Visitor: 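Submitted below is the structure of interest, expressed as structure tokens.
All figures in this text were calculated on a predicted structure; none of them were measured in a lab.
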Amino acid sequence: MGSNSSRIGDLPKNEYLKKLSGMESISENDPFWNQLLSFSFPAPTKGHINLCVENNPRTGNLGALIKVFLSRTKELKLSAECQNHIFIWQTHNALFIICCLLKVFICQMSEEELQLHFTYEEKSPGNYSSDSEDLLEELLCCLMQLITDIPLLDITYEISVEAISTMVVFLSCQLFHKEVLRQSISHKYLMRGPCLPYTSKLVKTLLYNFIRQEKPPPPGAHVFPQQSDGGGLLYGLASGVATGLWTVFTLGGVGSKAAASPELSSPLANQSLLLLLVLANLTDASDAPNPYRQAIMSFKNTQDSSPFPSSIPHAFQINFNSLYTALCEQQTSDQATLLLYTLLHQNSNIRTYMLARTDMENLVLPILEILYHVEERNSHHVYMALIILLILTEDDGFNRSIHEVILKNITWYSERVLTEISLGSLLILVVIRTIQYNMTRTRDKYLHTNCLAALANMSAQFRSLHQYAAQRIISLFSLLSKKHNKVLEQATQSLRGSLSSNDVPLPDYAQDLNVIEEVIRMMLEIINSCLTNSLHHNPNLVYALLYKRDLFEQFRTHPSFQDIMQNIDLVISFFSSRLLQAGAELSVERVLEIIKQGVVALPKDRLKKFPELKFKYVEEEQPEEFFIPYVWSLVYNSAVGLYWNPQDIQLFTMDSD
């Protein structure tokens, strides 16, 4: 083996890689493996991999390599405790080669063909061995054991990342199918048999990896120092990793949006989160639900001493405070926002805990910032942020408490200097801004609906609205009113045109009018809900209503809005009368004083009661049709070092969000 490690330039002529991919079968006990795994390299070349794909059915060398890896992992924990650097790096190299080969095999062939590559063991073609039938399953179980049982140290960091990456690769067959996979060999292995008992432990480990955000050790920091003669195998391994394998943790894939971002501070946390999301979004088996989703739905706080019901499988406990902190800090990424959505939507223990927090601004502000920078985010990230707000606003306690949290100097809000504003008022401002952006750009009805639903849920608990928030509510109504008048005028002209010409197809203005009237009614209901339930808390909203009172005139007699306009009309009339009595040229301060006095004098029984506005987020009937492509697009863009060819991807188009 000598004292030198291979250089990247030596790869094409590396004799050991040539032998691995050649036509000669190599026994798992052959000294060759020690020699191969003592080299450090970034990846086998395309030529080596193609030869391996072609020759492996005759040689079974991939199966032999996997068996070498499996035998080594039995000693991995002890090697970590004994600081056996060479053994760990050799084992890492074995897994790295397996991962590279698996990625190509999965891309190029069906799962059935892949299984055949793992059942060839004898030297002659077509000769099977019964004990190798479940080599894939054994590899998968071994990876789960490695991820959950090997202590995370400087010398085990890379192999932990590689094990997680290999599991992601193992499941990547979904990338090469246009339809969502509902049955596959990988699903079968993960959902039953020897892998199943690792479910809760794996989910817990992946969550803790996300929570801890462990940074990788500096290249070479965990191996012996360079020898005085400038050579030596161990230094060669370290320098090879620094220049080669470490690129796996710092480079984005082809066409990756993440490639322009700063280097990931924690590749382990990133890969763990991606694998967790992939597992959580696997489709249920025909005879059993997804156990990883069950684990995510049911885990509890470490401080919760109540016993788990016997009906809940794969249950475990985790520190909710640490998880909450990590979620608050990591919301700049799609995958962290998707995890937050998944936990809030599916785990009632987490949802109850978060809603009881007294520092909700730490969670809500990053979500608002995502929505505020809507132009820079992809549509899926914006949807997830919006649905999180909708889920939170289903809770009346949340809707009350956000108006009690006072924020100072929100630097990222650039439309206006906000030196002091409540979290509730800021939330209203950002949601209204999102609606206005959507009206002028994307015109997405789904986004409109969810924004308005969140405002409607909050409306009965609006408290001490900031004057700017109150103005923006009325400004949005003004914008909708103008849009309504424009569409109405277009519809009228279209109707006249249809009488004079029967040949020209006309736009369906009736449908546009119907949509805009639905949105206007929703806005009127939001304003009405605030006036009915918390008029005395919101003098700034009354002021804004009075200032723009002419806006509402046209809707007083409109059949679609007559009922909901009664209270708004009453409030405008009542306070207009009091201002008239007070005289002309009143200051803003004097007007607000009159409004505050008038609120006390206005008989509450004169305001008509309407049903409470409450909207709940309801997931689509087949959520996997949205979430599975979304998760794999995140994997494709963010899974560091997994270089899939964009031309091979079938699940989603490469130019989409």
Visitor: What's the separation between atom SG in Cys142 and atom OH in Tyr198, rounded to the nearest 0.5 Å?
Guide: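 Atom-to-atom, Cys142:SG and Tyr198:OH are 9.0 Å apart.
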Visitor: Start with the C-alpha distance between Tyr372 and Leu368, add both sets of side-chain angles, then the distance that settles side-chain contact (heavy atoms from CB on, under 4.5 Å), and finish with yes or no.
Guide: CA-CA 6 Å; Tyr372 185 79; Leu368 294 183; over 6 Å; no
Visitor: Between the side chains of Lys300 and Ser306, is a donor N or O closer than 3.5 angstrom to an acceptor N or O?
Guide: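 Yes - a donor-acceptor pair under 3.5 Å links their side chains.
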Visitor: In chain order, what residues pass the ring-ring contact (aromatic ring centres under 6.0 Å, His included) check against His448, with sequence neighbours excluded?
Guide: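 Partners of His448 by the ring-ring contact (aromatic ring centres under 6.0 Å, His included) criterion come out as none, since no residue qualifies.
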Visitor: Sort and list the pairs that fulfil ring pair (Phe, Tyr, Trp, His ring centres under 6.0 Å) and have at least one residue in residues 134-154, not counting sequence neighbours.
Guide: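 Passing the test, one end in residues 134-154: no pairs.
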Visitor: For residues Tyr437 and Glu375, is any side-chain donor paired with an opposing acceptor at under 3.5 Å?
Guide: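 Judged by distance alone, the side chains do not pair up.
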Visitor: Short question: side chain of Tyr157, backbone of Leu268 - any donor-acceptor pair under 3.5 Å?
Guide: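 Yes.
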Visitor: Look at atom CD of Glu81 and say whether more than 12 heavy atoms of other residues, nucleotides or ligands are closer to it than 6.0 Å.
Guide: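 Atom CD in Glu81 is crowded, with more than 12 foreign heavy atoms closer than 6.0 Å.
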Visitor: Would you say the ring centroid of Tyr341 lies under 6.0 angstrom from that of Phe627?
Guide: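 Yes: the rings meet the under 6.0 Å criterion.
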Visitor: Please check: side-chain N/O of Thr352 versus main-chain N/O of Asn349, any donor-acceptor pairing under 3.5 Å?
Guide: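 No.
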Visitor: Which label fits Phe626 and His380: parallel for a plane angle under 30°, tilted from 30 to 60°, or perpendicular past 60°?
Guide: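 Rings of Phe626 and His380: perpendicular, over 60°.
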Visitor: Rounded to the nearest 0.5 Å, what separation is found between the NZ atom of Lys77 and the CD atom of Gln145?
Guide: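 Lys77 atom NZ to Gln145 atom CD measures 10.0 Å (nearest 0.5 Å).
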Visitor: Could you tell me whether the side chains of Ser422 and Ser425 share a donor-acceptor contact shorter than 3.5 Å?
Guide: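 Result is yes, a qualifying pair exists.
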Visitor: Quick one about Gln331 and Thr337 (side-chain donor to acceptor, distance below 3.5 Å, no hydrogens or angles considered), yes or no?
Guide: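 Yes, a side-chain donor-acceptor pair sits under 3.5 Å.
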Visitor: Can Leu276 and Asn209 be said to form a side-chain contact (heavy atoms from CB on, under 4.5 Å), step by step?
Guide: CA-CA 10 Å; Leu276 183 65; Asn209 286 347; over 6 Å; no
Visitor: Can you check whether Leu181's main-chain N or O pairs, donor with acceptor, with Gln174's side chain at less than 3.5 Å?
Guide: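 Looks like yes, one N/O pair under 3.5 Å.
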Visitor: Just checking, is any N or O donor in the side chain of Tyr208 or Asn319 under 3.5 Å from an acceptor N or O on the other one?
Guide: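 Checked: Tyr208/Asn319 side chains show no N/O donor-acceptor pair below 3.5 Å.
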Visitor: So, is the end of the Lys201 side chain (NZ or CZ) under 6.0 Å from the ring centre of Phe316 and within 45° of the ring's axis?
Guide: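 Relative to the ring axis of Phe316, which defines the angle, Lys201 lies outside at least one limit.
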Visitor: Go through the side-chain N and O atoms of Ser165 and Gln271 and say whether any donor and acceptor fall under 3.5 Å apart.
Guide: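 Result is yes, a qualifying pair exists.
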Visitor: Do the side chain of Asn281 and the main chain of Ile628 share a donor and acceptor less than 3.5 angstrom apart?
Guide: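 No; zero donor-acceptor contacts below 3.5 Å.
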Visitor: With a 3.5 Å distance limit and no angle check, can you tell me whether Asn347 reaches the backbone of Ile296 through a side-chain donor-acceptor pair?
Guide: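 Yes.
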Visitor: Kindly state each residue pair satisfying ring pair (Phe, Tyr, Trp, His ring centres under 6.0 Å) with at least one member in residues 265-294, sequence neighbours excluded.
Guide: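 Qualifying pairs: none.
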Visitor: Between the side chains of Asp334 and Asn378, does any donor sit under 3.5 Å from an acceptor?
Guide: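 Yes, side-chain donor-acceptor contact under 3.5 Å.
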Visitor: Does a donor on one side chain sit under 3.5 Å from an acceptor on the other, for Asn438 and Arg433?
Guide: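 On atom types as modelled, these side chains do not qualify, holding no pair under 3.5 Å.
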Visitor: Would the distance check show the side chain of Asn301 and the main-chain N or O of Phe320 forming a donor-acceptor pair, the cut-off being under 3.5 Å?
Guide: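 A pair under 3.5 Å: yes.
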Visitor: The test is side-chain contact (heavy atoms from CB on, under 4.5 Å); show your working for Asn290 and Met191 and say whether it passes.
Guide: CA-CA 7 Å; Asn290 176 350; Met191 294 192 188; 4.2 Å; yes
Visitor: Using a strict 4.0 Å threshold on nitrogen-to-oxygen distance, state whether Glu625 and Arg182 make a salt bridge.
Guide: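 Salt bridge between Glu625 and Arg182, a charged N being under 4.0 Å from a carboxylate O: yes.
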Visitor: I'd like to know whether NZ of Lys614 has more than 12 heavy-atom contacts from other residues, nucleotides or ligands below 6.0 angstrom.
Guide: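 More than 12 heavy atoms, drawn from other residues, nucleotides or ligands, come within 6.0 Å of this atom.
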Visitor: Does Arg192 make a cation-pi contact with Tyr189, if we ask for NZ or CZ under 6.0 Å from the ring centre and within 45° of the axis?
Guide: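 No cation-pi geometry.
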Visitor: Take Asn84 and Glu75, measure what side chain to side chain donor-acceptor pair (under 3.5 Å) needs, and give me the verdict at the end.
Guide: CA-CA 10 Å; Asn84 189 337; Glu75 302 174 46; over 6 Å; no
Visitor: Can Gln346 and Arg293 be counted as having a side-chain donor-acceptor contact under 3.5 angstrom?
Guide: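 The answer is no; no qualifying pair exists.
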